[in-house]
Asks: 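Structure in structure tokens, see below.
Letters go in sequence order (proteins before strands), and every chain restarts at 1. Note: hydrogens, waters and symmetry copies are ignored here, and every other heavy atom, side chains too, is used.
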2 protein chains.
Amino acid sequence: MARTVFEREDVVPLLAEVFRALGYEGASLSALTARTGLSKGSLYNFFPGGKAEMAAAVLAHVDGWFEREIFTPLAQDEPRAAIAHMWAASDAYFRSGRRVCLVGAFALEETRDRFALAIQGYFRRWIETLASALTRAGSDPGQAAALAEYAVGGIQGALVLARALNDETAFGRTLARLEQEMAASLPPARTP
Amino acid sequence: MARTVFEREDVVPLLAEVFRALGYEGASLSALTARTGLSKGSLYNFFPGGKAEMAAAVLAHVDGWFEREIFTPLAQDEPRAAIAHMWAASDAYFRSGRRVCLVGAFALEETRDRFALAIQGYFRRWIETLASALTRAGSDPGQAAALAEYAVGGIQGALVLARALNDETAFGRTLARLEQEMAASLPPARTP
DNA sequence: GTCTATAGAGTGATAGAC
DNA sequence: GTCTATCACTCTATAGAC
């Protein structure tokens, strides 16, 4: 019998796209098997905890990507470069609004409570590392925290709007405006 | 035996709270009967089209509320007063972030496509009437349209964030910032 | 033989339609 | 309440690596 052998880490990104497209409730096991091409046996082999474990793994995978690509740079790198990279990487990750934020979508669902810690951690970390970069770039810490929260919320809103209007260009317009507002709030960069 | 007689318009607000709390997928018929206190028979009597017709009625009801309370004033009343009223009414309607936007939640679900016209109409109308008020208040029309889109998206993002962080105060902070940014963009009010 | 990964029929529970 | 379809999930059978 022909078999394609997967590893757990190969499966998670496939599951992620299904959960992203359908939400937690909407991602039925039959949708998960159909869209990943994996049988229920395979899925339950990798995720004995069933659908909830699959979703938890997907959330952890998304969080890991953001931690690596966005949060750690914001926390450690040269702040203005890290912030510029955040805008570019967010636009790329969300495919200019064609892709939804899985964490934000879970936050609006009833199942939010089940994944509350992961959801909260993701947004808290984004806001906290962005505020850190803003502060290092010369912002007042209180204003940096407020602006970071505002910007992270703004990205989520842009995703809702782009999907609601079925108009991807709305996402880019909001991102550009947020980026410009953030740049204007910072003191002029020191030229070394 | 005592009977409570409902009319269709009495039922819609009850259904609305269930769909708002659980989303379209999450709102099972048993949840709808349990939380409204109505039997499946009653619901199918009022809504022969089943769950989809219930959700459509709820969307129309929400849209009607916003049209009456927010969109028409934005389109017709003294613009600065109408905008100030929009901020206050939005904060009250969304219960300072404790309540989710049903239309925004539907937009993120797979079922978006089924209700695409209603979802698009709601957001389009909000943006269009807000832009009209801003223009009448002295804004450049192009800037007014961009700012209106930005603000309506910002409200949606604030709702996602408040729910994700489980922190209602985040909603008020974002709303206040958006309101202030909007006020700052307008020319000084003429004193008649 | 053991072990892990796979496929998919079969389970009871519950969904939405009527 | 009754219907069928589908839900999340379990389990058996089997494939190949060792």
Asks: For the pair made of CZ in Phe47(A) and P in dT6(C), what is the distance, rounded to whole Å?
Replies: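 Value for this atom pair: 11 Å.
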Asks: Choosing from dC18(C), dA5(C), dA8(D), which nucleotide comes nearest the side chain of Asn45(A)?
Replies: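 Given the options dC18(C), dA5(C), dA8(D), the side chain of Asn45(A) is closest to dA5(C).
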Asks: What nucleotide, of dC7(D), dT6(C), dA17(C), holds the atom closest to the side chain of Ser30(A)?
Replies: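 Minimum distance to the Ser30(A) side chain belongs to dC7(D).
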Asks: Look at all strands and tell whether Gly50(A) reaches a base, only sugar-phosphate, or nothing, counting heavy atoms closer than 4.0 Å.
Replies: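 Counting heavy atoms under 4.0 Å across all strands, the contact made by Gly50(A) is with sugar-phosphate only.
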Asks: Between dC9(D), dA7(C), dG16(C), which one does the side chain of Ser42(A) approach most closely?
Replies: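 Between dC9(D), dA7(C), dG16(C), the one nearest the side chain of Ser42(A) would be dA7(C).
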Asks: Cluster question for you: counting only ILVMFWY and a side-chain heavy-atom cut-off of under 4.5 Å, with indirect links fine, are Val18(B) and Leu43(B) together?
Replies: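 Yes: a chain of side-chain contacts under 4.5 Å links Val18(B) to Leu43(B).
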Asks: Round to a whole Å and report the spacing from NZ of Lys40(A) to C1' of dC11(D).
Replies: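 The distance from NZ of Lys40(A) to C1' of dC11(D) comes to 11 Å, rounded to the nearest Å.
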Asks: Hey, does the Lys NZ or Arg CZ of Arg125(A) hover above the aromatic six-ring of Phe71(A), less than 6.0 Å from the centre and inside 45° of the axis?
Replies: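 Not flagged: Arg125(A) not positioned over aromatic ring of Phe71(A).
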Asks: Roughly, in whole Å, what's the span from CD in Glu53(B) to P in dG16(C)?
Replies: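 Atom-to-atom, Glu53(B) to dG16(C), this comes out as 15 Å.
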Asks: Leu29(A) CG to dT14(C) C1': how many Å, rounded?
Replies: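 Between C1' of dT14(C) and CG of Leu29(A): 15 Å.
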Asks: Would you call the rings of Phe106(A) and Phe19(A) parallel, tilted or perpendicular if under 30° counts as parallel and over 60° as perpendicular?
Replies: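 Plane angle over 60°, so perpendicular.
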Asks: Taking 4.0 Å as the cut-off, does a side-chain nitrogen or oxygen of Tyr44(A) come that near to OP1 or OP2 on dC9(D)?
Replies: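 Checking dC9(D) against Tyr44(A), a side-chain N or O does come within under 4.0 Å of OP1 or OP2.
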Asks: Provide, to the nearest angstrom, the distance between the NZ atom belonging to Lys51(B) and the P atom belonging to dA5(D).
Replies: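 Interatomic distance, NZ of Lys51(B) to P of dA5(D): 19 Å.
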Asks: Does Tyr93(B) have Arg99(B) sitting over its ring (NZ/CZ under 6.0 Å from centre, angle to axis within 45°)?
Replies: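 Judged by the rule (NZ or CZ under 6.0 Å from the ring centre, within 45° of its axis), Arg99(B) counts as positioned above Tyr93(B).
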